[in-house]
**Student:** 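Okay, here's the structure, questions in a sec.
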Protein chains: 2
Amino acid sequence: MLQLKDLPNAEILSKFAERYPDADIHKVLQFLTVLRIGSDLSLMLDNFLAGYGLLQGRWWVLILLMREADLTTTPSILASKAGVSRATMTGLLDGLEREGLVSRVTDKRDRRRLAIQLTTAGQAKLDQVMPDYYQRVNALMDSLSSAEAEELIQSLKSLHSQQTVFE
Amino acid sequence: MLQLKDLPNAEILSKFAERYPDADIHKVLQFLTVLRIGSDLSLMLDNFLAGYGLLQGRWWVLILLMREADLTTTPSILASKAGVSRATMTGLLDGLEREGLVSRVTDKRDRRRLAIQLTTAGQAKLDQVMPDYYQRVNALMDSLSSAEAEELIQSLKSLHSQQTVFE
DNA sequence: TTGACATTGTTAGCTAGCTAACTATAATGA
DNA sequence: TCATTATAGTTAGCTAGCTAACAATGTCAA
């Protein structure tokens, strides 16, 4: 969504400016550019992962599992660390279990809980994709100097911290 | 997805670095920060629009329609300008039509085509939301100086232009 | 003119996000 | 102890993205 290829022309601008005098076209375009490039980069990552038969959500769950010392944790903790709802995590785990990349193990001490475990196949999948991923991230970020990258992150964090104006 | 609250600690970093020596943790974190803040800002916009009973995809269609001189265009053109597939546009228009914000009119000269028209209710909905939207965008972007904002956009465009490294 | 090709919009089926509601289980306090 | 409350995971139903396939319609060249 939010295609920036379709920039408004002078006629359109005057129409909107007349109806909505508070509009600051530069700021709006900058804001939309941030949104659009974020979503394009995310789509690019999706396409890259698709080449390995993975999807962004599922791939991220595998990484979170690999971070655990025993390659195991619970759906709730995964949901919290991934920043999604428990319901969404259920769906992600369904897909990963179907593909044999994780397994669900019941917890006998607390029968509400499940242990989610990274399988050998899951670890092997990460070993396929991660070296390629890291190389490409390096190549992508090399288009900015380290000072530029740092300023980019700082500016994004400034915007992020101002989210309250939208509430 | 892609929660950055859960930053890797030293133990995790060494585990990943050992297994994947190409990983440059600073670059990876910067990359993920761009993705995450983009998605957070998009979510923020969703929440804002929800207060007016709107959703981002549908709202954007209304704006594209308002840009047209006669408030009318076709689903294909909308899909192209919004940067989504025709199938996705069908779904967005279904929702908007159900709410009475747009109407579908058959084209008698080319019976494959539909004319999508912004209704009075659709224009009224935009008139409710847009002034508030523009004020909030202004407030958000005021957290950056105009020079900072310009550098931010330039850096994002640099990244965007390097997307090919992920193909 | 007609057969091949292109275009338009829709449908079906997938992923992935959400909230709300539900079941099962555990924990706690009167 | 037992009633209440809290927690874990799932399900249902919504939005919104995608691709692939399809029917209806136009277009165009042989």
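First the proteins, then the strands, lettered A, B, ... as listed; each starts at 1.
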**Student:** Please list, in numerical order, the residues of residues 107-114 of chain B that have a heavy atom closer than 4.0 Å to any atom of DNA chain D.
**Tutor:** R109(B), D110(B), R111(B), R112(B)
**Student:** Could you tell me the separation between the CG atom of N47(A) and the C1' atom of dG17(D), rounded to a whole number of Å?
**Tutor:** 12 Å
**Student:** What do you reckon, is NZ of K15(A) surrounded by more than 12 foreign heavy atoms closer than 6.0 Å?
**Tutor:** yes
**Student:** With distance as the sole test, does T119(B) use its side chain to make a donor-acceptor pair with the main-chain N or O of G100(B) at under 3.5 Å?
**Tutor:** yes
**Student:** Taking C-beta and beyond as the side chain, do L159(B) and S143(A) meet within less than 4.5 Å on heavy atoms?
**Tutor:** yes
**Student:** Holding to salt bridge (Lys or Arg N to Asp or Glu O under 4.0 Å), I want the full list of residues that pass it with D107(B), two or more places apart in sequence or in another chain.
**Tutor:** none
**Student:** Output all residues satisfying salt bridge (Lys or Arg N to Asp or Glu O under 4.0 Å) with E97(B), sequence neighbours left out; order by chain, then residue number.
**Tutor:** R104(B)
**Student:** Just the rounded figure in Å: distance from P of dG17(C) to CZ of R36(B).
**Tutor:** 10 Å
**Student:** Quick one: are K157(B) and I153(B) in side-chain contact, heavy atoms under 4.5 Å?
**Tutor:** yes
**Student:** At a cut-off of 3.5 Å, list every protein nitrogen or oxygen paired with a nitrogen or oxygen from nucleotides 12-15 of chain D, distance to 0.1 Å.
**Tutor:**
from, atom 1, to, atom 2, distance (Å)
dT15(D), OP1, R58(B), NH2, 3.0

**Student:** What is the distance, to the nearest angstrom, from the CG atom on L49(B) to the C1' atom on dG17(C)?
**Tutor:** 16 Å
**Student:** Please round to 10 degrees the angle between the axis of the first five pairs and the axis of the last five pairs in the helix from dT1(C)-dA30(D) to dA30(C)-dT1(D).
**Tutor:** 10°
**Student:** For a 4.5 angstrom cut-off between non-hydrogen side-chain atoms, does L140(B) reach V137(B)?
**Tutor:** no
**Student:** L43(A) CG to dG17(D) P: how many Å, rounded?
**Tutor:** 11 Å
**Student:** Rounded to whole Å, how long is the line connecting atom CG of L93(A) with atom C1' of dA16(C)?
**Tutor:** 13 Å
**Student:** Mapping S85(B) and D94(A) onto DNA chain D by nearest heavy atom, which one lands closer to the 5' end?
**Tutor:** D94(A)
**Student:** Rounded to the nearest Å, what distance is computed from the CG atom of residue D46(B) to the C1' atom of nucleotide dT19(C)?
**Tutor:** 14 Å
**Student:** Could you state the CD-C1' distance from E97(A) to dG9(D), rounded to the nearest angstrom?
**Tutor:** 13 Å
**Student:** Applying the ring-ring contact (aromatic ring centres under 6.0 Å, His included) criterion to W59(B), which one of Y52(B), Y133(B), F48(B) satisfies it?
**Tutor:** Y133(B)
**Student:** Can you see if the side chain of R104(A) gets near the phosphate of dT10(D) - specifically, an N or O under 4.0 Å from OP1 or OP2?
**Tutor:** yes
**Student:** Can you find a pair of side-chain heavy atoms, one from I116(A) and one from V105(A), that are under 4.5 Å apart?
**Tutor:** no
**Student:** Out of curiosity, Q123(B) CD to L65(B) CG, how far, rounded to the nearest 0.5 Å?
**Tutor:** 10.0 Å
**Student:** Using a strict cut-off of less than 4.0 Å between a Lys/Arg side-chain nitrogen and an Asp/Glu carboxylate oxygen, indicate whether E99(B) and R58(B) qualify as a salt bridge.
**Tutor:** yes
**Student:** Which residues in residues 63-71 of chain A have a heavy atom closer than 4.0 Å to any atom of DNA chain D?
**Tutor:** none
**Student:** Within the structure shown, what part of the strands sits under 4.0 Å from S76(A) by heavy-atom distance: base, sugar-phosphate, or nothing?
**Tutor:** sugar-phosphate
**Student:** Would you mind checking if E11(B) and R67(A) are paired as a salt bridge, meaning a charged N to carboxylate O distance below 4.0 Å?
**Tutor:** no
**Student:** I'd like to know if D94(B) pairs up with R98(B) as an ion pair, taking the criterion as any Lys NZ or Arg NE/NH1/NH2 lying under 4.0 Å from an Asp or Glu carboxylate oxygen.
**Tutor:** no
**Student:** Looking only at side-chain atoms of T74(A), point me to the closest of dG9(D), dT10(D), dC18(C).
**Tutor:** dG9(D)
**Student:** Could you say whether R86(A) or G91(A) is positioned toward the 5' end of DNA chain C, judged by the nucleotide with the nearest heavy atom to each?
**Tutor:** G91(A)
**Student:** Could you tell me the separation between the CE atom of M89(A) and the C1' atom of dT7(D), rounded to a whole number of Å?
**Tutor:** 17 Å
**Student:** Can you tell me which nucleotide in dT10(C), dG17(D), dT19(C) comes closest to the side chain of T88(B)?
**Tutor:** dG17(D)
**Student:** Salt bridge check, R136(A) against D132(A): does any charged N sit closer than 4.0 Å to a carboxylate O?
**Tutor:** yes
